[in-house]
Amino acid sequence: MDSRELEILTDRAADLIINSERIVVFTGAGISTESGIPDFRSPGGLWYKYDPEDFTYQKFVSNPDTRRKQWQLFSERFQAGEVKPNPAHYAIAEMDRLGKLDCVITQNVDGLHQKAEVPDGKVFELHGSLRWVICLSCGRRYPFEQIKTRLDKGEEMPDCEACHGMLKPDVVLFGESLPEKVLKEATFHSYDSDLFIVIGSTLIIYPAAYMPGYAADAGAKLVIINLSPTPMDHQASVLIRAKAGETMSAIIKRVKEKIG
Ligand code: ZN
């Protein structure tokens, strides 16, 4: 994509943002690779190097060996303050400050949108969040950081302090359905949007990937910013094959220039 072409598309995307009222941003692994998080193409996003068969929800709850292994993996994966939002996350937060963000729907579990200061209530995490651990018995939630401290002290399979029930990282594992309320909200906001911006998702993981379809069916314009092709490309009003950070920064800069 040459720079002239990119400039035209950036300008077009900026116009769409300025002229829309209910803008939904949908993000996938591609936005977080620019923060140094590897692209794992699956629910929960952690399974690239591992056999998903060993890391299902069913095995987590029924097989202590697997549960121990999964805790180990999640513990390694959880890097509290170390991972930082990148310009794409900040550009989305800037959209919010400009009054141009209805919500973010994300396939990511890294919490980077909230770290970039998109309000928590505006982020729908379809595959859960690695910032939290949940008790499967009483539903109590703990910050992952708190449980991580226990893991680091040598506990292999932490239990709930309140009821001694089984704890699980609050991410969607294989064989586990998506959080119902989040899925419902995300579906509603997709249908209700008038502009739907896909950033860094190849749109192949369902049901997450249904969202842009819902939006398009209901008449929303579609912008897709992704390095590789997606099944929705032919429906996009603006299709940009470039990196998320620089593209989103340029688009929001253009929006601000235009609105003055
Ligand atoms: Zn409990």
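Atoms within a ligand are numbered from 1 in the order they appear, just like the ligands themselves. The first residue of the sequence shown is numbered 1, and numbering continues consecutively from there.
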Please lay out, stage by stage, how I224 and D233 fare under the test side-chain contact (heavy atoms from CB on, under 4.5 Å). CA-CA 7 Å; I224 298 178; D233 285 359; 3.7 Å; yes

Could you go through S129 and V171, starting from their C-alpha distance and side-chain angles, then the distance that decides it, and tell me whether this counts as side-chain contact (heavy atoms from CB on, under 4.5 Å)? CA-CA 5 Å; S129 171; V171 298; 5.7 Å; no

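The hydrophobic cluster containing L203 also contains M211, counting ILVMFWY residues as joined when their side-chain heavy atoms lie under 4.5 angstrom apart, directly or transitively.
The side-chain contact (heavy atoms from CB on, under 4.5 Å) test applied to V238 returns L9, R12, A13, L16, V223, I240, not counting sequence neighbours.
Between E176 and K168 there is a salt bridge, since a side-chain N of the basic residue sits under 4.0 Å from a carboxylate O of the acidic one. Under a 4.0 Å N-O distance rule, the pair R22/D102 does not qualify as a salt bridge.
Here the Zn ion (ligand 1) has protein N, O or S atoms under 2.8 Å from it, and they come to 4.
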